[in-house]
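Reading through the structure tokens given below for one structure.
Starting from 1, each residue takes its place in the sequence as its number.
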Amino acid sequence: MERTPGAETVEACSRALHPDERAELAEAAQGEERRIVFGRIWTRKEACLKGLGTGLSRSPAADCLGADTGRHPPGWTVIDIPCEARHTAAAAVRGPAPATVDVRRLPGAWLLTPGADHFAPPAGARVVRTA
């Protein structure tokens, strides 16, 4: 999960993307749309690189993921995760996409609660199911 980047970050980091991703980004309108497209591309790429176990030690330009949910490395599925405005999120899983994905929305204060069991969601946590 990443906060939608500012225009300066998009400009600086887009140079590291695969040429097809840079072309996709160039097609997006300037401003908010471009920042959102970059955020989607970057979180998908980061999720995949972490799933591969390489992180950014592997060049971000080596693979083309783009913002298209159907594009992913062979044997992997990359899933966009719904989140609040001003953020983008993705997960990469080895194998086919799961039939459903449960996303638990947790209050931010819960993450900062000392002694909280952060593996068990608090009572009343909202679950969003996507298919």
Item checked: Approximate separation, where rounding is to 0.5 Å, of Arg3 CZ and His87 NE2 ->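 If I round to the nearest 0.5 Å, the distance is 5.0 Å.
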Next item on the list: Output the distance between atom OG1 (Thr4) and atom CH2 (Trp42), rounded to the nearest 0.5 Å.
Entry: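 Going from the OG1 atom of Thr4 to the CH2 atom of Trp42 covers 14.5 Å.
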Item checked: Partner set under salt bridge (charged side-chain N to carboxylate O under 4.0 Å, His left out) for Glu2, not counting sequence neighbours ->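 So Glu2 forms no salt bridge (charged side-chain N to carboxylate O under 4.0 Å, His left out) with any residue.
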Notebook entry, point to check: Does any non-hydrogen side-chain atom of Asp63 lie less than 4.5 Å from one of Arg58?
Noted result: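 In short, these two side chains touch, coming nearer than 4.5 Å.
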Do any side-chain atoms of residues 15-23 form donor-acceptor pairs under 3.5 angstrom with protein atoms, and if so which ones, sequence neighbours left out?
| residue | atom | partner | partner atom | Å |
| --- | --- | --- | --- | --- |
| His18 | ND1 | Asp20 | N | 3.0 |
| Glu21 | OE1 | His18 | N | 3.0 |
| Glu21 | OE1 | Lys45 | NZ | 3.1 |
| Glu21 | OE2 | Lys45 | NZ | 3.1 |
| Glu21 | OE2 | Leu65 | N | 2.8 |
| Glu21 | OE2 | Gly66 | N | 3.0 |
| Arg22 | NH1 | Leu17 | O | 2.6 |

Mind listing the closest non-hydrogen atom pair of [X] and [Y] along with its distance?
X     : Y     : result
Ala92 : Ala47 : CB-O, 3.4 Å
Ile81 : Ala91 : CD1-CB, 3.8 Å
Leu56 : Pro60 : CD2-CG, 3.9 Å
Gly39 : Thr88 : O-OG1, 3.1 Å
Pro96 : Thr77 : C-OG1, 3.3 Å

Margin query: With clusters defined by side-chain heavy atoms of hydrophobic residues (ILVMFWY) lying less than 4.5 Å apart, directly or transitively, does Ile41 cluster with Val78?
Written below: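 The answer is no; the residues belong to distinct hydrophobic clusters.
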Check: Is Leu49 reachable from Trp76 through a run of hydrophobic residues whose side-chain heavy atoms are each under 4.5 Å from the next?
Finding: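 Cluster IDs for Trp76 and Leu49 match.
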Next item on the list: With side-chain contact (heavy atoms from CB on, under 4.5 Å) as the test, would you mind laying out the steps for Phe38 and Arg34 before giving the verdict?
Entry: CA-CA 6 Å; Phe38 175 84; Arg34 183 175 166 92; 5.7 Å; no
Enumerate donor-acceptor pairs with a distance under 3.5 Å from any side-chain N or O in residues 24-33 to protein atoms, sequence neighbours excluded.
| residue | atom | partner | partner atom | Å |
| --- | --- | --- | --- | --- |
| Glu24 | OE1 | Ala67 | N | 3.4 |
| Glu24 | OE2 | Ala67 | N | 3.0 |
| Glu32 | OE1 | Arg35 | NH1 | 2.7 |

